[in-house]
Chemist: 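Before I ask anything, here is the structure I am working with.
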Amino acid sequence: MMIDQEYRDVLATLSEGSVARRFDPYLDIDWDSPEYRIDPDDPRWILPDDCDPLGAHPWYRALPEERKIEIGMWRIANIQKVGLQFESVLIRGMMQYAMRLPNQTPEFRYCLHEMTEECNHIQMFQELVNRIGVDVPGMRADYRATSHFWHLGAYLPIIFFIGILAGEEPIDHFQKDAIRRGEELPPALLRTMQIHIAEEARHISFAHRFLTERVRRQTRTGRAATSLAFPIIMRWLAGAIMTPPRDMARKFDIPRQVMREAFWDSPKSQEILRAYFGDVRTLAEELGLMNAASRRLWKRLGIDGDASRFRSEPHRTAQPAA
């Protein structure tokens, strides 16, 4: 595929950014300092009630503080584990894609930069999980069993990069919302979030730009198929990333009804789910992938809503005027 100069310039900027501003989980986080010590009694582990679906549930809000901290630590550690599992799939798929690229292709260099950064993220997330000290499994068992084959999607690059966005956007949105709340987070958690957000900005930008290049070259039939695949992949992987495994409910005796409502039956949890995808709804609009059939599908899957006016626009529920 011919690459135009504008796309080459974008890839060069992203690659140069990976050289000039990169992080190392063992140089940029002083894990053994007193500041980053994991305190199992720290109330800052309590799940937020505006961006975590379980944290928003009345059952969780009514628990004693000690129990909320315990569940919060497990949930946050498990999200880190899910993140590193997803990034291992991303690396495998992106490597397969990059190894098929011809010589002189600028995508090759950027893809290798991104994979290097994702390896660092895996180390960083696993270090945080280890130090929190809870034995979390990560994804639900059915997702873990099938994830060994997800990277084969790299042979269909448009589908694969939609999948990359479907995995990256929910965690990125959750982390940004958690930081924007203005409340303190445990320092080790905050630092890992800051590093991840900084580097994911490049990764998400690349996925958006990659899809822009590829989708605009599709035939009308191909674009119609992509318009339907887009929301399906988004919703499927949102479940893989943000829905906890059954181990959590068993460990903490969480009622089945609470889990159903929190993931994703209650109005509040549905609002949180829709908010994860404001940026990708904007992308779908820009790529001409929002047609009558696909809009119905976004709505049917419960991930419709307004497009973001700008990248990473905060999600806020409108308040009545005083």
Chemist: If you count the non-hydrogen atoms of other residues, nucleotides and ligands that lie under 6.0 Å from CG in Asp306, is the total more than 12?
Modeler: no
Chemist: Using the ring-ring contact (aromatic ring centres under 6.0 Å, His included) definition, which of the options Phe160, Phe108, Phe210 pairs with Tyr97?
Modeler: Phe210
Chemist: With sequence neighbours left out, write down each residue that passes salt bridge (charged side-chain N to carboxylate O under 4.0 Å, His left out) with Arg300, or none if nothing qualifies.
Modeler: none
Chemist: Using the rule given for side-chain hydrogen bond (donor to acceptor under 3.5 Å, both in side chains), can you reason through Asn291 versus Ser294, listing the C-alpha separation, both sets of side-chain angles and the distance that settles it, and then say yes or no?
Modeler: CA-CA 5 Å; Asn291 51 54; Ser294 65; 3.1 Å; yes
Chemist: I want to check something: taking the side chain as every heavy atom from C-beta on, are His203 and His121 in contact at a cut-off of under 4.5 Å?
Modeler: yes
Chemist: State which residues pass salt bridge (charged side-chain N to carboxylate O under 4.0 Å, His left out) with Glu127; sequence neighbours excluded, sorted by chain then number.
Modeler: Arg131
Chemist: Should we count CZ of Arg216 as having more than 12 external heavy atoms under 6.0 Å?
Modeler: yes
Chemist: Is the number of heavy atoms from other residues, nucleotides or ligands under 6.0 Å of Gln104 CD greater than 12?
Modeler: no
Chemist: Should the pair Lys68-Glu65 be classified as a salt bridge under the 4.0 Å nitrogen-to-oxygen rule?
Modeler: no
Chemist: How close do Arg202 and Leu14 get, counting heavy atoms only, and between which atoms?
Modeler: CD-O, 3.6 Å
Chemist: So, for Phe206 and Phe161, is the gap between ring centers shorter than 6.0 Å?
Modeler: yes
Chemist: Would you give the length of the straight line joining atom CD1 of Ile158 to atom CD of Gln218, rounded to the nearest 0.5 angstrom?
Modeler: 3.5 Å
Chemist: For the atom pair CZ (Arg67) and OH (Tyr60), what is the distance rounded to the nearest 0.5 Å?
Modeler: 10.5 Å
Chemist: Can you find a heavy atom in the side chain of Trp31 that is under 4.5 Å from one in the side chain of Met124?
Modeler: yes
Chemist: Which residues end up grouped with Tyr155 if you chain together Ile, Leu, Val, Met, Phe, Trp and Tyr wherever their side-chain heavy atoms are less than 4.5 Å apart?
Modeler: Phe149, Leu152
